[in-house]
Amino acid sequence: VKRTNNSEHLTRFTPDLLNVEKTLEIERKIRTALEEDRIYFVLQPQYDISHKLRGFEALARMDDPDGGNISPVEFIPVAEKVGLIDKVDLRVLRKAADFFSRIIKKSDDDITLSVNVSVKHLMKNDFIDEIKDVINSFGIPGSQLEIEITESVMIDSAEKALQCINDIKSLGVKIAIDDFGTGYSSLSYLNKFPADLLKIDKSFIDKMNTSESSKQYVAAIISIGHIMDFEVISEGVEDDQQLEILRDIGCDFIQGYIWGRPLPQEEAELLVLGGSS
Ligand code: C2E
Ligand code: CA
Ligand code: CA
Ligand code: CA
């Protein structure tokens with residue numbers, strides 16, 4: 001048995017203690033924000049390659065009562081860990097659906113609302129009822145709603161996931177595979193999943209300008225995606241060079257700061273309806 005001295009001990013354990021405390025603090029803040037109804041959403045536009053609006057992705061936001069806000073990169077993993085993710089997802093889904101239903105009544109464009117759903121939440125038995133309720137209460141056509149799930153769904157309990165996805169699809173709701181390329185999905189998994197859209201993760205888009213192999217990788221995902229009848233969107237597109245590459249290699253849709261940051265409702269509404277209404 002290898003013995004450790006005290007200082008090693010400290011460096012090994014102090015970060016964990018800090019993490020525990022940080023997690024508890026964020027958990028408290030999520031609970032309070034849920035109680036006080038302070039979880040809200042912003043909408044990031046998605047476009048086709050010719051810059052026509054496809055729709056919006058709703059992204060969760062939570063202000064910090066101590067000032068500023070807490071990034072979803074921090075609070076979503078905590079919500080997943082402590083079993084609050086269903087509540088957070090649902091809050092965002094219902095609020096965004098409420099907004100979206102009002103917008104589509106005023107517009108003839110067939111735009112899509114995409115929402116993120118944690119795999120843990122998706123696997124719950126009442127998830128399908130929640131989606132049905134959103135469609136019925138807000139009067140949103142299923143075909144204009146899209147659920148984004150990460151590709152980890154394909155590895156963890158694949159059978160159950162497949163059933164959930166088929167139930168969702170039977171309502172006409174679309175399925176997007178989020179953060180595509182970062183997980184362990186193989187072609188055989190992909191073949192089985194009745195998803196509609198592959199969402200290539202930002203990390204690959206980031207590297208495309210400087211790395212030929214990253215560019216080839218993204219091109220390969222798009223080719224294979226198309227062969228398998230998926231549409232493909234790239235997330236985190238920030239500059240013209242990336243956009244040109246994506247256009248060359250046939251990417252269908254673009255999401256990223258180059259054409260739009262996440263927006264508050266009023267600005268998203270202006271984007272759809274224009275300044276005149
Ligand atoms: P994601 O689903 O991969 O969402 C994309 C993230 O990239 C968002 O960060 C978005 O604001 C950011 N982004 C988009 N375009 C650009 C760009 O051009 N440059 C840069 N630097 N960033 C860009 P955000 O809003 O901080 O969300 C982070 C993650 O938190 C999301 O990653 C998603 O996994 C999770 N999340 C957010 N809202 C929800 C939610 O309501 N439910 C669940 N389960 N997860 C959520
Ligand atoms: Ca309409
Ligand atoms: Ca997403
Ligand atoms: Ca991502």
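Both backbone and side-chain heavy atoms feed into the values below; hydrogens, waters and symmetry mates do not. Bear in mind that the values here come from a model prediction, so they are computed numbers and not experimental data. For ligands, and for the atoms within them, numbers begin at 1 and follow the listed sequence.
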request  = Using a 4.0 Å heavy-atom cut-off, say whether E80 meets ligand 1 through its side chain, its backbone, both or neither.
outcome  = neither
message = Please report whether atom 32 (O) of ligand 1 has a protein non-hydrogen atom at a separation of less than 4.0 Å.
response = no
task = Specify the protein heavy atom at minimum distance from atom 35 (C) of ligand 1: its residue, its atom name, and the distance to 0.1 Å.
result = I76 CG1, 4.0 Å
query = Can we say K22 and E25 salt-bridge, meaning some charged N sits less than 4.0 Å from an Asp/Glu carboxylate O?
reply = no
request  = Kindly state if atom 40 (C) of ligand 1 has a protein heavy atom within a strict 4.0 Å cut-off, that is, under 4.0 Å?
outcome  = yes
ask   = Just by distance, with hydrogens left out, do Q46 and Q255 show a side-chain donor and acceptor under 3.5 Å apart?
value = yes
query = Do protein heavy atoms approach atom 6 (C) of ligand 1 to less than 4.0 Å?
reply = no
remark   = Quick note on ligand 1: atoms under 4.0 Å from a heavy atom of S118 include exactly 44 (N)
message = Give me the nearest non-hydrogen protein atom to atom 38 (N) of ligand 1 as residue plus atom name, then the distance to 0.1 Å.
response = A60 N, 3.0 Å
Gap separating the CG atom of D133 from the CZ atom of F138, nearest 0.5 angstrom = 7.5 Å
message = For the backbone of V42 and the side chain of R61, can you confirm whether one donor and one acceptor N or O come within less than 3.5 Å of each other?
response = no
inquiry  = Restricting to N/O/S atoms, is N116 within less than 3.0 Å of the Ca ion (ligand 3) or not?
reply    = yes
message = When you compare ligand 1 with V73, is there at least one nitrogen or oxygen pair between them that comes in under 3.5 angstrom?
response = no
request  = Name the closest protein heavy atom to atom 26 (O) of ligand 1, giving the residue it belongs to and the distance to 0.1 Å.
outcome  = P72 CG, 3.3 Å
ask   = Mind checking whether E238 has a heavy atom under 4.0 Å from ligand 1?
value = yes
inquiry  = Is any side-chain heavy atom of E267 closer than 4.5 Å to one of P45?
reply    = no
task = May I ask you to decide whether R54 forms a salt bridge with E146, counting only side-chain N to carboxylate O separations under 4.0 Å?
result = yes
query = Distance-only, no hydrogens or angles: does the E151 side chain make a donor-acceptor pair with backbone N or O of G181 under 3.5 Å?
reply = yes
query = How wide is the angle at the Ca ion (ligand 3) between OE2 of E57 and OD2 of D178, to the nearest 10°?
reply = 170°
request  = Heavy-atom distances under 4.0 Å are what count here, so tell me which part of E235 touches ligand 1: side chain, backbone, both or neither.
outcome  = side chain
task = State whether a side-chain donor-acceptor pair under 3.5 Å links E57 with S114.
result = no
inquiry  = Counting only heavy atoms closer than 4.0 Å, does ligand 1 sit against the backbone of I85, its side chain, both, or neither?
reply    = side chain
remark   = Within the 4.0 Å heavy-atom cut-off, what D178 brings close to ligand 1 is side chain
inquiry  = With heavy-atom distances below 4.0 Å as the criterion, list the atoms of ligand 1 near G256.
reply    = 15 (N), 18 (O)
inquiry  = A quick test of your reading: do over 12 heavy atoms of other residues, nucleotides or ligands sit less than 6.0 Å from NZ of K169?
reply    = yes
ask   = Where does E57 meet ligand 1, judged by heavy-atom distances below 4.0 Å: at the side chain, the backbone, both, or neither?
value = side chain
task = Decide, yes or no, whether a salt bridge links R31 with E35 under the criterion of side-chain N to carboxylate O below 4.0 Å.
result = no
key: For atom 15 (N) of ligand 1, the option (of K199, Q44, Q242) bearing the nearest heavy atom   = Q44
Atom name of the N, O or S atom in D201 that lies nearest to the Ca ion (ligand 4) = OD1
Exam field: side chain K199 to backbone A176, donor-acceptor pair closer than 3.5 Å = no
ask   = In D179, the N, O or S atom nearest to the Ca ion (ligand 4) is which?
value = OD1
request  = Report, in ascending order of atom number, the atoms of ligand 1 lying under 4.0 Å from any heavy atom of V92.
outcome  = 41 (O)
ask   = When you measure from the side chain of D63 to the backbone N and O of R38, does any donor-acceptor pair fall under 3.5 Å?
value = no
ask   = Where is the nearest protein heavy atom to atom 11 (O) of ligand 1: which residue, which atom, and how far?
value = P262 CG, 3.5 Å
inquiry  = Starting from atom 44 (N) of ligand 1, what is the nearest protein heavy atom, named by residue and atom, and what distance separates them?
reply    = D89 OD1, 2.8 Å
inquiry  = Tell me whether atom 19 (N) of ligand 1 lies less than 4.0 Å from at least one protein heavy-atom position.
reply    = yes
request  = Would you please determine whether R61 falls within less than 4.0 Å of ligand 1 on a heavy-atom basis?
outcome  = yes
message = Any nitrogen or oxygen of N116, side chain or backbone, less than 3.5 Å from one on ligand 1?
response = yes
query = When you check the side-chain N and O atoms of Q216 and E212, is any donor under 3.5 Å from an acceptor?
reply = yes
Check: K95 side chain, I39 main-chain N or O, donor-acceptor pair, under 3.5 Å = yes
ask   = Is any NZ, NE, NH1 or NH2 atom of the basic residue among K52 and D48 found under 4.0 Å from an Asp or Glu carboxylate oxygen of the other?
value = no
task = Return the name of the atom in E235, of element N, O or S, nearest to the Ca ion (ligand 4).
result = OE2
key: Heavy-atom nearest neighbour of atom 22 (N) of ligand 1 within options F75, W259, Y257   = Y257
remark   = For D179, the atoms of ligand 1 under 4.0 Å from one of its heavy atoms are 3 (O)
query = Do other residues, nucleotides or ligands put more than 12 heavy atoms under 6.0 Å from the NZ atom of K174?
reply = yes
ask   = Where do V173 and D196 come nearest, in terms of heavy atoms and distance?
value = O-OD2, 4.4 Å
